[in-house]
Each structure stands twice: as structure tokens, then as C-alpha cells.
Novice: 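Have a look at this one.
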Amino acid sequence: MAGNGGTTEEFRAARDFLLKHREDYTAAYAGFNWPRPERFNWALDWFDTIAAGNDRTALHIVEEDGREDRYSFAELSARSAQVANWLREQGVRAGDRVLVMLGNQVELWETALAAMKLRAVVIPATPLLGPADLADRIERGQARHVVARSEDTAKFADVPGSYTRIRVGSDFPAGWLAYENAYGAAERFEPDGPTLADDTLMLYFTSGTTSLPKLVEHTHVSYPIGHLATMYWIGLKPGDVHLNISSPGWAKHAWSNLFAPWNAEATVFIHNYTRFDATRLMNEMDRAGVTSFCAPPTVWRMLIQADLTQLRTPPREVVAAGEPLNPEVIETVRRTWGVTIRDGFGQTETAVQVANPPGQPLKPGSMGRPSPGYVVELLDPVTGKPGADEGEICLDLSARPVGLMTGYHGDPERTAEAMAGGYYRTGDIGSRDADGYLTYVGRADDVFKASDYKISPFEVESALLEHEAVAEAAVVPAPDPVRLAVPKAYIVLAAGWEPGPATAKAIFEHARAVLAPYKRVRVIEFGDLPKTVSGKIRRIELREATAAGSTAEYREDDLRGS
């Protein structure tokens with residue numbers, strides 16, 4: 001097995017520096033330097049190195065029916081070598097694009113490691129995708145191979161292309177190769193050439209909340225090494241048991257179910273379920289000894305609807321990512337578990353850029369300070385110059401972080417726009433206080449004006465979530481002849497509440513009590529929120545529905561005095 005010892009030690013030194021200063025942000029930020037190797041293969045140079053003779057559990061999967069499997073670092077090293085050797089026999093070569101559409105199953109991790117070893121390019125895809133999405137990914141991603149669950153193979157029947165088809169599962173549709181044959185291959189893998197740092201590793205289709213998904217390109221360093229920052233934010237240590245709730249196929253799954261925990265030599269714990277059950281989840285967390293937990297805001301909001309005291313031993317570290325987490329949720333968890341959810345901010349295009357790492361003072365509503373290795377600027381929306389108290393969150397490219405994408409694959413114009421003027425532009429608006437803490441305001445295209453006042457939907461949504469009737473909320477502008485626009489809230493009700501004028505009136509009264517007059521919600525509509533398959537709210541659909549008008553909405557002016 002070939003590797004690069006010098007590169008491995010450089011990576012380990014950077015990793016150990018962050019572990020040493022895991023609760024000393026000032027020292028970590030001042031002293032951290034990105035490893036910038038010319039050659040690096042995370043699967044060979046890091047994972048196989050820490051896996052040698054290592055019988056500690058790397059992956060622990062518990063199924064809904066109670067079945068469970070544990071795989072050691074050494075086992076996964078050998079199994080991924082077998083898969084790599086077998087894939088090579090099936091024609092997978094360096095640079096080939098491999099679309100991987102698997103669930104939370106051991107084959108997902110084996111395939112990811114095997115592809116890295118082969119220097120193939122992984123296109124992660126969630127099993128929720130349909131034929132039209134798959135056709136787009138096969139065509140724009142130029143996929144030459146597909147690895148999919150047996151139950152999903154029918155989706156590819158009408159997806160054109162001369163790609164190799166590999167199925168994982170017991171069914172054996174015609175024209176599909178059997179993945180399990182890989183376990184007959186040799187357990188020793190020899191690479192057929194060096195892995196350059198800027199070789200492409202992953203192509204991610206973003207979730208597409210407003211447009212056709214972009215194709216984000218990452219290299220063999222930008223995600224593997226970049227997620228040292230994510231490891232630091234979560235607070236992971238060797239021997240930890242980390243649970244991250246995320247769907248395979250999306251960037252956060254790679255963030256916290258692959259790179260960050262195995263950078264730290266921690267165990268990845270997975271509880272597979274088809275329907276979310278808070279009580280069962282907490283029971284499994286106790287039984288598995290979960291020490292760190294990451295979940296998106298949607299899961300946190302569902303958790304606090306349950307009895308949090310059912311978790312006998314809360315995790316040491318709890319974090320949230322995907323969308324900003326509302327203060328009410330953070331306070332409920334802190335009050336019950338005695339730990340504070342630490343927010344972080346990043347994108348598919350990057351690792352975590354801004355975060356609240358362990359041991360640091362937290363400010364309500366703030367997503368923290370720049371991660372080690374990131375120089376974050378707020379660009380003034382008018383002048384475009386850095387140093388604004390509020391503006392677009394941008395990364396200084398003169399100190400380009402390793403954990404930043406190469407660009408948008410096949411779209412030089414969009415890449416140039418995102419990297420214009422020496423900054424990577426996130427498209428998100430934030431504010432910075434005197435202590436350097438950043439607070440999320442909203443997507444640049446979500447913030448709107450009412451009566452000439454700027455409205456942050458997130459701020460209004462956070463206030464609404466303080467009311468016991470509100471399980472989820474999304475705020476968009478509604479046309480108004482006097483104020484130009486007023487905030488309209490689409491609300492998902494908590495259990496025990498019924499949609500109707502009485503509930504709307506109670507929420508309006510709450511909004512009047514906690515929000516400034518110009519921020520107050522003036523229109524409410526109840527119902528489910530449209531979301532992407534990754535769980536993000538599709539605000540563009542809500543804005544379009546609002547512009548079209550609705551007979552199901554309640555207006556504050558109509559309910560006053562009723």
C-alpha cells in the first residue's frame with residue numbers, strides 16, 4: 001500500500017494543533033496554518049494510516065428493526081481496498097465520474113474510500129432523487145459509472161447514457177453488476193499513480209432553493225483537509241462517538257459523517273429510520289454512548305416537541321448546521337440537557353467558515369467567529385468595500401482557505417462572479433459586533449424592505465418560534481399598497497393546535513408583543529412548507545405563492561377586535 005508519509009505527518013500536525021487548542025479559540029485562530037501539500041490522498045495517506053492494526057469501531061450502524069453492525073478502522077481499510085480493486089476491474093479509472101446513490105449503509109463509506117484510492121470523482125446523490133434529477137446529474141456530471149441501491153435501479157431505466165451500472169442489494173436487475181462480488185477481490189491496494197492536491201475528488205449538486213442546482217467542485221484537499229475546521233467546531237476528539245443526522249448525497253453528510261469524525265479518529269454512529277421518532281433516537285444515543293451530536297434545525301425543532309429528559313446522558317458537544325437555529329430551541333435544550341447548541345455557518349462550497357467552537361463565550365443569535373484558517377470580511381452593500389458592520393459574508397482570497405471549492409464546474413461565468421474582486425462571495429448577509437462575533441441576517445435575496453425598513457426573515461421567524469403553537473415558520477414579503485411590503489408568515493403548527501382564526505389571532509398578539517412595529521407579521525397562512533430534498537425551505541415557492549394571492553391567509557387587520 002503506497003502512501004506519502006511526509007504529507008501524513010503534516011496533516012497530523014495540523015490536526016493535533018487544533019486538538020490541543022480545542023477550547024482556546026484565540027490560540028487556535030492565531031496559530032493554525034493549513035497544510036498545503038502538493039500530493040495528498042486522504043484515503044491512503046490518512047485513513048489507511050490510522051486504520052493499520054486499529055480494531056476500534058469506525059462505523060456503527062443501528063437499523064430501525066434493531067439490527068446493528070460495527071466496522072473497525074482496519075476492516076473498512078481492507079474492505080475499501082477490495083472495492084477499489086474490484087471497481088478497477090470493472091473499468092473505473094482515475095478521473096472517471098462515479099454517481100453514488102446509496103443510503104446510510106456500509107457500502108456508502110466503502111465506495112467513498114475506494115473512489116478516493118482510485119482517484120475517481122464521486123458525485124454524491126440522495127436516494128430521494130427521481131429520474132429527471134438523475135438524468136441531469138448523469139449528463140452535466142458526465143458520470144461514467146453508477147453505484148445505487150437495488151430498489152432504486154428502476155429509476156435509471158429511462159436515464160440515457162453508457163454508464164456502468166452497479167447495484168447494492170439482493171435484487172439483481174438485468175444489466176447491473178453485483179457489488180457484493182467486490183468482497184472477493186484482494187485486500188491490498190496499489191495506486192496506479194500519485195494523487196495531486198488539486199485533482200478533483202467530489203462534484204456536488206447544490207440543493208437548488210432558487211434555481212437549477214450548481215455543480216460544486218472539490219479537490220483531494222479542499223474537503224478532506226478543509227474539514228479540519230469542521231472537526232474543530234464540533235469539538236471532536238479521538239475516541240468520540242459522533243452522531244450527525246444528515247441525508248446521504250448532501251454536503252453535510254460528508255462534513256460530519258466522513259471527514260470531520262475520521263479526521264479526529266472518532267466513531268461515526270448512524271441510526272437508520274424511515275420515520276423520525278425522538279424517543280427512539282434518544283434511547284439509541286444513550287445505548288451507543290454518543291458524545292457529540294449534530295442535527296439540522298428541523299430535527300432540533302422536532303426534538304424539543306418531545307420529552308428531552310428521556311436522554312439520560314446528553315452528549316458533551318451539540319451543534320446545529322444547515323440553516324440558522326432559533327434562540328428558543330437553543331434555550332430549551334440548554335435548560336433540559338445542560339449543554340448549549342453551538343451554531344455554525346458554512347456551505348456546500350466550503351467547510352465551516354464561522355462557528356462557535358467549544359469553551360467559548362456564546363452570544364444569543366450569533367453564529368460565532370471565523371473558523372481557524374478563514375479570513376471573513378463583510379462587504380458593504382453599496383461600496384463593495386470590506387469592513388462593514390453589516391454586509392455580504394465573504395472570504396478573503398488573498399488568504400484563500402484550503403476548505404474552499406475550486407469553483408462551479410463547467411460554469412466559468414458563475415465562478416468568476418462568485419470570486420469577483422478578490423473575495424469569495426457567499427450570497428449571505430451578516431452583521432459583526434465589536435467582539436468580532438457574526439450574526440446571520442439572511443440570504444441576500446431573502447432580505448426585503450417594509451416601509452423602507454430592512455427585514456430579516458430569520459429574525460422574525462425566531463420570534464414566532466417562541467410561541468408554543470409554532471413548530472416551523474417561514475417569512476416572506478407580501479405586497480402592501482401603503483408599506484410596499486409586509487411580513488407574511490407561513491406556519492406549521494405544533495401538535496395540539498388547529499389552524500383557524502383563533503390560532504392566527506394568538507400568534508398575531510404574540511408578534512405584537514415581541515417585535516418592533518415595522519417587523520410585525522401582518523399576514524399568516526397555515527400549512528406545510530415546501531422544501532428541497534435536503535430539507536431547506538424553498539422560499540422562492542412561498543414568494544411566488546404570496547405574489548399570486550391566497551384565500552387561505554389571515555390578516556391581522558381583519559382579526560383585530562374579533
Novice: Measure the CD-OG1 distance between E459 and T439 for me, rounded to the nearest 0.5 Å.
Specialist: 10.0 Å
Novice: Considering all heavy atoms of both residues, which atom of I304 and which atom of V329 are nearest to each other, and what is their separation?
Specialist: CD1-CG2, 3.9 Å
Novice: Which atom names give the shortest non-hydrogen contact between L258 and M116, and what distance separates them?
Specialist: CD2-CE, 4.1 Å
Novice: Does R22 come within less than 4.0 Å of E317, counting only side-chain N to carboxylate O?
Specialist: yes
Novice: Going by the ring pair (Phe, Tyr, Trp, His ring centres under 6.0 Å) test, which pairs reach into residues 341-363, not counting sequence neighbours?
Specialist: none
Novice: Closest approach of E284 and F269, non-hydrogen atoms and distance?
Specialist: O-CZ, 4.0 Å
Novice: With distance as the sole test, does T383 use its side chain to make a donor-acceptor pair with the main-chain N or O of K385 at under 3.5 Å?
Specialist: yes
Novice: About how many Å separate OG1 of T332 and CH2 of W337, when rounded to the nearest 0.5 Å?
Specialist: 11.5 Å
Novice: When rounded to the nearest 0.5 angstrom, what is the spacing between CZ in R15 and CD in E9?
Specialist: 10.5 Å
Novice: If you measure from the Lys or Arg side-chain nitrogens to the Asp or Glu carboxylate oxygens, is any gap between R425 and E417 under 4.0 Å?
Specialist: no
Novice: When you check the side-chain N and O atoms of T350 and Q347, is any donor under 3.5 Å from an acceptor?
Specialist: no
Novice: Would V319 and N356 count as a side-chain contact (heavy atoms from CB on, under 4.5 Å) if you check the C-alpha gap in whole Å, the side-chain angles of each, and the deciding distance to 0.1 Å?
Specialist: CA-CA 9 Å; V319 296; N356 287 294; over 6 Å; no
Novice: Measuring from atom CZ of R39 to atom CG of D45, what distance do you get when rounded to the nearest 0.5 angstrom?
Specialist: 11.0 Å
Novice: Around E38, counting heavy atoms of other residues, nucleotides and ligands shown, do more than 12 lie under 6.0 Å from its CD?
Specialist: no
Novice: Do R12 and D16 meet the salt-bridge criterion of a basic N to acidic O distance under 4.0 Å?
Specialist: no
Novice: Have Y408 and E349 got a donor and an acceptor in their side chains that come within less than 3.5 Å?
Specialist: yes
Novice: Within the side chain of Q353, is there an N or O that forms a donor-acceptor pair under 3.5 Å with the backbone of S371?
Specialist: no
Novice: Rounded to the nearest 0.5 Å, what separates atom CG in L243 from atom OG1 in T267?
Specialist: 12.0 Å
Novice: Do side-chain atoms of E110 reach the backbone of L108 as a donor and acceptor pair under 3.5 angstrom?
Specialist: no
Novice: For a 4.5 angstrom cut-off between non-hydrogen side-chain atoms, does K488 reach P477?
Specialist: no
Novice: Give a yes or no answer on whether the side chain of Q305 reaches the backbone of A471 with a donor-acceptor pair at less than 3.5 Å.
Specialist: no
Novice: Minimum heavy-atom separation for F448 to P487, with atom names?
Specialist: CZ-CA, 4.0 Å
Novice: Under 4.0 Å between a Lys/Arg side-chain N and an Asp/Glu carboxylate O for K117 and D48?
Specialist: yes
Novice: Out of L203, V122, I138, which residue meets the side-chain contact (heavy atoms from CB on, under 4.5 Å) rule with R97?
Specialist: L203
Novice: Is the shortest distance from a Lys or Arg side-chain nitrogen in R36 or E10 to a carboxylate oxygen in the other one below 4.0 Å?
Specialist: no
Novice: Can you tell if the side chain of I123 reaches within under 4.5 Å of the side chain of V98, non-hydrogen atoms only?
Specialist: no
Novice: Could you go through D396 and Y424, starting from their C-alpha distance and side-chain angles, then the distance that decides it, and tell me whether this counts as side-chain contact (heavy atoms from CB on, under 4.5 Å)?
Specialist: CA-CA 7 Å; D396 186 344; Y424 165 66; over 6 Å; no
Novice: Would you say the rings of W300 and F293 are close, in the sense that their centroids are separated by under 6.0 Å?
Specialist: yes
Novice: Should S256 and V268 count as side-chain neighbours, where that means a heavy-atom distance under 4.5 Å?
Specialist: no
Novice: Ignoring hydrogens, what is the shortest heavy-atom contact between T415 and T406? Give both atom names and the distance.
Specialist: CG2-O, 4.4 Å
Novice: Evaluate side-chain hydrogen bond (donor to acceptor under 3.5 Å, both in side chains) for S366 paired with Y440, printing each intermediate quantity in order.
Specialist: CA-CA 7 Å; S366 171; Y440 185 83; over 6 Å; no
Novice: Is the shortest heavy-atom distance from the side chain of I455 to the side chain of K519 under 4.5 Å?
Specialist: yes
Novice: Nearest 0.5 Å please: distance from the CG atom of D428 over to the CD1 atom of I393.
Specialist: 5.5 Å
Novice: In the structure I gave you, are the side-chain heavy atoms of L308 and V333 within less than 4.5 Å of one another anywhere?
Specialist: yes
Novice: Verify ring-ring contact (aromatic ring centres under 6.0 Å, His included) between Y273 and F276, making sure each step is shown before the conclusion.
Specialist: CA-CA 6 Å; Y273 56 80; F276 182 80; 5.7 Å; yes
Novice: Taking the side chain from W109 and the backbone from L76, do they hold a donor-acceptor pair closer than 3.5 Å?
Specialist: no
Novice: Going by the angle between their ring planes, with limits at 30° and 60°, are W42 and W262 parallel, tilted or perpendicular?
Specialist: parallel
Novice: Look at the rings of Y223 and F259 and say which category their plane angle falls in: under 30° parallel, 30 to 60° tilted, over 60° perpendicular.
Specialist: perpendicular
Novice: Not counting sequence neighbours, which residues clear side chain to side chain donor-acceptor pair (under 3.5 Å) with R301? List them please.
Specialist: N326, E472
Novice: Are side-chain N/O atoms of H253 and N244 paired as donor and acceptor at under 3.5 Å?
Specialist: no
Novice: Tabulate below the donor-acceptor pairs under 3.5 Å that side-chain atoms of residues 194-201 make, not counting sequence neighbours, or state none.
Specialist:
| from | atom 1 | to | atom 2 | distance (Å) |
| --- | --- | --- | --- | --- |
| T195 | OG1 | N41 | ND2 | 2.9 |
| D199 | OD2 | L196 | N | 3.0 |
| T200 | OG1 | E217 | OE2 | 2.5 |

Novice: Measuring only between side-chain heavy atoms, which start at C-beta, is V521 closer than 4.5 Å to V460?
Specialist: yes
Novice: Under the salt bridge (Lys or Arg N to Asp or Glu O under 4.0 Å) rule, what do R432 and E390 come out as? Steps first, then yes or no, please.
Specialist: CA-CA 6 Å; R432 192 193 312 254; E390 182 174 309; over 6 Å; no
Novice: How are the rings of F47 and F73 set relative to one another: parallel (under 30°), tilted (30 to 60°) or perpendicular (over 60°)?
Specialist: tilted
Novice: Sequence neighbours left out, what pairs pass salt bridge (charged side-chain N to carboxylate O under 4.0 Å, His left out) with at least one residue falling in residues 359-371?
Specialist: K363-D433, K363-D435
Novice: Do R137 and L129 touch side chain to side chain, with heavy atoms closer than 4.5 Å?
Specialist: yes
Novice: Decide yes or no on side-chain contact (heavy atoms from CB on, under 4.5 Å) for F32 and Y374, but give the supporting numbers first.
Specialist: CA-CA 10 Å; F32 178 73; Y374 285 84; over 6 Å; no
Novice: Counting C-beta onward and ignoring hydrogens, is there a side-chain heavy-atom pair between L395 and V375 closer than 4.5 Å?
Specialist: no
Novice: Check residues 229-241 and write down every donor-acceptor pair under 3.5 Å in which the side-chain atom is one partner and the other belongs to a residue at least two apart or another chain.
Specialist:
| from | atom 1 | to | atom 2 | distance (Å) |
| --- | --- | --- | --- | --- |
| T230 | OG1 | H227 | ND1 | 2.7 |
| Y232 | OH | H21 | O | 3.0 |
| W233 | NE1 | D343 | O | 3.3 |
| D240 | OD1 | T291 | OG1 | 3.2 |
| D240 | OD1 | R316 | NH1 | 3.1 |
| D240 | OD2 | K237 | N | 2.9 |
| D240 | OD2 | R316 | NH2 | 2.7 |

Novice: Tell me which pairs pass salt bridge (charged side-chain N to carboxylate O under 4.0 Å, His left out) where either residue lies in residues 327-338, with sequence neighbours left out.
Specialist: E331-R334, E331-R335
Novice: Are any side-chain N or O atoms of E392 and backbone N or O atoms of G427, one a donor and one an acceptor, separated by less than 3.5 Å?
Specialist: yes
Novice: What are the two closest non-hydrogen atoms of R400 and M405, and how far apart are they?
Specialist: NH2-O, 2.6 Å
